[in-house]
Amino acid sequence: MTVGQGRPKIRTEGLLLLKELIEAGKMKPVIDRRYSLEQIIEAHYYVEKGHKKGNVVITVEHIN
């Protein structure tokens with residue numbers, strides 16, 4: 001990812017490489033905990049404690 005005009009630009013080739021690594025089993029994302037957007041403060045505190053063993057995911061509900 002690069003930054004241009006104050007906004008991140010996602011590089012397609014990097015995403016394709018990640019996709020290939022995951023599909024080949026050479027890379028596995030580790031999710032430690034999931035929080036809803038409403039629990040963002042609790043999620044931040046959890047990360048600050050330094051005990052996480054993987055990624056912390058914030059879920060955002062899509063409303064039509």
Just wondering, are more than 12 heavy atoms of other shown residues or ligands nearer than 6.0 Å to [atom1] in [X]?
X	atom1	value
Glu13	CD	yes
Lys19	NZ	no
Leu37	CG	yes

Test your reading of the model: is there a side-chain donor-acceptor pair from [X] to the backbone of [Y], 3.5 Å cut-off?
X	Y	value
Gln39	Ser36	yes
Thr59	Tyr35	yes
Asp32	Asn55	no
Lys49	His51	no

Note to self: Assess the residue pair Lys28 and Ile22 against the criterion (side chain to side chain contact (heavy atoms under 4.5 Å, CB included)); give the C-alpha distance rounded to whole Å, side-chain angles, the decisive distance to 0.1 Å, and a yes or no.
What the structure shows: CA-CA 6 Å; Lys28 182 180 178 195; Ile22 291 169; over 6 Å; no

Notebook entry, point to check: Are Val57 and Ile40 co-members of a hydrophobic cluster defined by side-chain heavy atoms under 4.5 Å apart?
Noted result: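 No, no single cluster joins them.
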
Item checked: In one Ile/Leu/Val/Met/Phe/Trp/Tyr side-chain cluster, 4.5 Å: Ile31, Val56 ->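 Shared cluster, no.
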
Next item on the list: Looking only at non-hydrogen atoms, find the nearest pair between Val30 and Lys53 and report the distance.
Entry: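 The answer is CG1-O, 4.0 Å.
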
Note to self: If I take atom CG from residue Leu16 and atom CG from residue Leu21, how far apart are they, to the nearest 0.5 angstrom?
What the structure shows: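 Reported to 0.5 Å precision, the distance equals 11.0 Å.
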
